[in-house]
Amino acid sequence: MSKTPLKSTGADLEALRHSASHVMAEAVLKLFPGTKLAIGPAIEDGFYYDFETPGAFTPDVLEEIEKLMAESIKANHRFERIEMDREEALKFFRQKDQIYKMELIESIPDEKILFYKHGDFIDLCKGPHVVSTGEVKAFKLLKIAGAYWRGDEKNKMLQRIYGIAFYNKKQLEDHLNKLEEAKKRDHRKLGKDLNLFSMQESIGPGLVLWHPKGALIRKIIEDFWKDEHLKAGYDLVNTPHIALLDLWKRSGHLDFYEENMYSPMQVDEFKYEIKPMNCPFHIAIYKNQIHSYREFPIRWAELGTVYRYERRGVLHGLIRVRGFTQDDAHIFCLPGQLEEEIKKIIDFVVYMLSTFGFKEYDVYLSTRPEKFVGSQENWQKATNALKNALEQKKMKYEVDLGEGVFYGPKIDIKIKDVMGRAHQCSTIQVDFNIPEKFDVSYIGEDGNEHRPIMIHRALMGSLERFFAVLIEHYGGAFPVWLSPVQTELITISDAQLEYASSVKKKLEEKGIRVHLDDRNEKMGAKIREAQMQKIPYMIIIGNKEMEDQTVSVRTRKGDQQNGIKIENFISEINRKIDAKN
RNA sequence: GCCGGCGUAGCUCAAUUGGAAGAGCAGCUGACUUGUAAUCAGCAGGUUAUCAGUUCAAGUCUGAUCGCCGGCUCCA
């Protein structure tokens with residue numbers, strides 16, 4: 001048995017990717033001597049390395065780096081582990097003027113500092129690595145980006161190169177294909193192709209124009225949302241878009257949220273502020289009268305449109321915008337009702353999201369951060385309630401220590417789309433701040449005033465973001481119940497227009513969203529366009545159908561059935577619509 | 001906000017070293033009357049994001065601004 005293996009076991013993709021980042025750093029140093037190295041870890045699907053170079057990397061430099069990497073891989077250098085003591089290590093990097101590495105050593109408590117060496121390249125590194133560079137067979141450098149040293153925007157910005165690496169070419173190809181597929185599903189592209197929404201320079205960044213087809217889908221979502229809330233024991237409320245600046249002073253938003261709020265506007269002799277959140281309004285409704293413990297839980301929901309200032313660089317399609325509509329609700333309850341309410345919300349979230357086709361979630365429980373309001377005892381109770389609810393609902397979750405909002409602990413639910421990507425949408429937060437600020441109270445069994453518990457929750461998060469995720473999840477091919485046009489009527493020639501109109505009328509009478517393509521085009525052209533618009537059903541009408549008083553049905557998947565009675569088609573499509581698929 | 005890239009017709013993209021702004025699709029008009037993913041012809045469509053500059057000459061070079069894209073930081 002040889003002492004050192006000739007090849008890694010193949011179990012550790014992370015080691016492979018980390019090794020690739022070393023090989024990349026070696027190449028960058030060769031190409032740009034004097035480059036200062038920061039960090040180069042493995043990440044999901046790949047790796048990156050942060051550099052400081054005198055000039056900026058250009059995209060074509062990636063190819064040159066790849067070539068140099070290929071040489072190092074061909075040379076099949078072994079990765080060797082080296083130990084130095086602290087002084088030696090610092091001296092080593094001081095000679096090379098590697099200031100970031102010196103800073104990194106400062107934060108390593110051990111006396112022995114680990115290095116890995118392959119060929120002439122030595123890097124501070126605790127490993128592990130693959131056995132030799134020759135194992136890095138399938139890699140590709142993807143993009144250049146800016147990144148702050150240690151992720152802090154007060155620090156210098158470095159240049160980061162991202163790459164991906166896999167065990168073999170096949171996996172690499174598969175991954176690149178997946179990226180291509182994601183590009184095709186991009187909601188910004190589909191939003192344009194399917195004429196769902198736009199954002200325009202003349203309107204302003206981060207402000208969404210919902211076009212008729214997008215607005216129709218939104219209406220379906222909103223109707224469903226409202227109906228389900230009424231069924232679930234919520235009341236619907238509506239509140240204004242602006243309010244006196246004083247409201248936001250009292251709520252504390254001006255203290256802790258000002259950087260996300262727009263400047264106030266002057267109206268008569270008063271200052272008004274456009275709302276970044278809905279909570280103060282719901283509180284105002286609550287405070288408009290005295291409440292008894294007997295009323296609890298009180299659940300108020302609103303599709304509330306809020307406006308938040310977001311730095312320009314963070315805007316992204318519908319995912320991150322400046323004006324958006326939250327599917328907001330606030331629940332006032334007794335301490336003893338908290339856990340039960342959380343459980344109900346979890347059920348509601350799962351029901352809602354699964355109706356839209358999302359069956360997989362990543363769940364996070366965020367606990368008390370360093371800066372917080374409210375008593376430690378209340379935090380503990382609320383956090384336990386959230387935790388118990390998750391456990392009783394058998395939800396797998398991760399704890400995000402200290403990642404809660406300053407006003408209370410929270411559960412975040414990220415949905416996973418069909419590509420396996422996670423999106424932050426749902427959130428359930430306990431709020432100790434607002435009830436305090438507004439002196440919210442109820443009359444208890446004892447006749448005295450008490451402070452209720454307030455839960456803030458959103459199921460979809462914002463309609464804009466949810467719509468983006470929905471578009472990408474379905475790749476624009478919405479299920480029938482959500483499709484803006486459910487059936488396209490396609491005539492073969494003008495001779496069938498009259499019959500087609502009567503079919504259209506019959507479908508419309510049954511509430512089916514139908515469009516008649518009465519243009520003087522060939523059938524093939526009409527089918528092609530309906531197909532590209534991802535319309536679920538195409539009804540083809542020629543002389544044959546007209547004589548038999550039937551239709552031919554083609555689905556967007558390409559299935560084809562001829563001689564269908566209109567009534568049968570209607571009951572079939574309505575069955576699907578009712579089943580919400 | 002920061003680093004880098006990009007911005008030509010409604011859409012997708014051309015335009016050689018700085019040397020007359022172009023194509024396909026979409027639109028409009030007309031012809032054709034069609035059997036499962038593009039019928040043909042004609043017409044129209046532009047302050048090349050905006051503003052300044054260099055030059056005999058700028059889509060192309062320089063600067064500023066705006067917007068978008070990839071990231072970082074931040075987040076529904």
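Quick note on labels: first sequence line is chain A, next is B, and so on, each numbered from 1.
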Partner lookup for [N], please. Criteria are Watson-Crick or G-U wobble with both distances under 3.5 angstrom; report none if nothing qualifies.
N: B:U47; value: none
N: B:A23; value: B:U12
N: B:U54; value: none
N: B:C6; value: B:G67
N: B:U29; value: B:A41
N: B:C74; value: none

I'd like to know if the side chain of A:K36 reaches the main chain of A:T53, judged simply by a donor and an acceptor atom lying under 3.5 Å from each other, with no hydrogens or angles considered.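 Flag not set: sc A:K36 to bb A:T53 has no pair under 3.5 Å.
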Taking A:E488 for its side chain and A:L516 for its backbone only, find out whether a donor-acceptor pair lies under 3.5 Å.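 Judged by distance alone, no pair lies under 3.5 Å.
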Need one value for [X]: base, sugar-phosphate or nothing, where a base atom within 4.0 Å counts as base even if backbone is also close, heavy atoms only.
X: A:G461; result: sugar-phosphate
X: A:S426; result: nothing
X: A:K544; result: base

Determine whether any donor atom in the side chain of [X] lies under 3.5 Å from an acceptor atom in the base of [N], or the reverse, and answer yes or no.
X: A:Q429; N: B:A76; result: no
X: A:Y148; N: B:G1; result: yes
X: A:R311; N: B:U73; result: yes

Is the ring centre of A:F324 under 5.5 Å from the base ring centre of B:A76, and are the two planes under 30° apart, so that they stack?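 Stacked: centres under 5.5 Å apart, planes under 30°.
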Span that lies between the [atom1] atom of [M] and that of [N], in whole angstrom:
N: B:C74; M: B:C51; atom1: P; value: 38 Å
N: B:G18; M: B:A58; atom1: P; value: 13 Å
N: B:C66; M: B:A21; atom1: C1'; value: 24 Å
N: B:C3; M: B:A76; atom1: P; value: 26 Å

Quick one: sort the A:H187 and A:H316 rings into parallel, tilted or perpendicular, breaks at 30° and 60°.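 A:H187 and A:H316: tilted rings.
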When the ring planes of A:F256 and A:H253 are compared, do they come out parallel, tilted or perpendicular, using 30° and 60° as the limits?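 It falls in the tilted class, 30° to 60°.
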Shortest side-chain distance from A:R308, nucleotide among B:U73, B:A76, B:A38: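 So the side chain of A:R308 is nearest to B:A76.
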Which sits closer to the 5' end of RNA chain B, A:Q159 or A:E529, going by the nucleotide each is nearest to?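 Its nucleotide being nearer the 5' end, the pick is A:Q159.
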Nearest heavy atom decides the nucleotide; on that basis, is A:G317 or A:G313 closer to the 5' end of RNA chain B?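 In this pair, the answer is A:G313.
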Can you spot which of A:H330, A:Q429, A:Q326, A:H282 makes a side-chain hydrogen bond (donor to acceptor under 3.5 Å, both in side chains) with A:H456?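 Of the listed residues A:H330, A:Q429, A:Q326, A:H282, the side-chain hydrogen bond (donor to acceptor under 3.5 Å, both in side chains) partner of A:H456 is A:H330.
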Taking only side-chain N and O atoms of [X], does any of them lie within less than 4.0 angstrom of OP1 or OP2 on [N]?
X: A:R188; N: B:G70; answer: yes
X: A:H316; N: B:G70; answer: yes
X: A:Y309; N: B:C75; answer: no

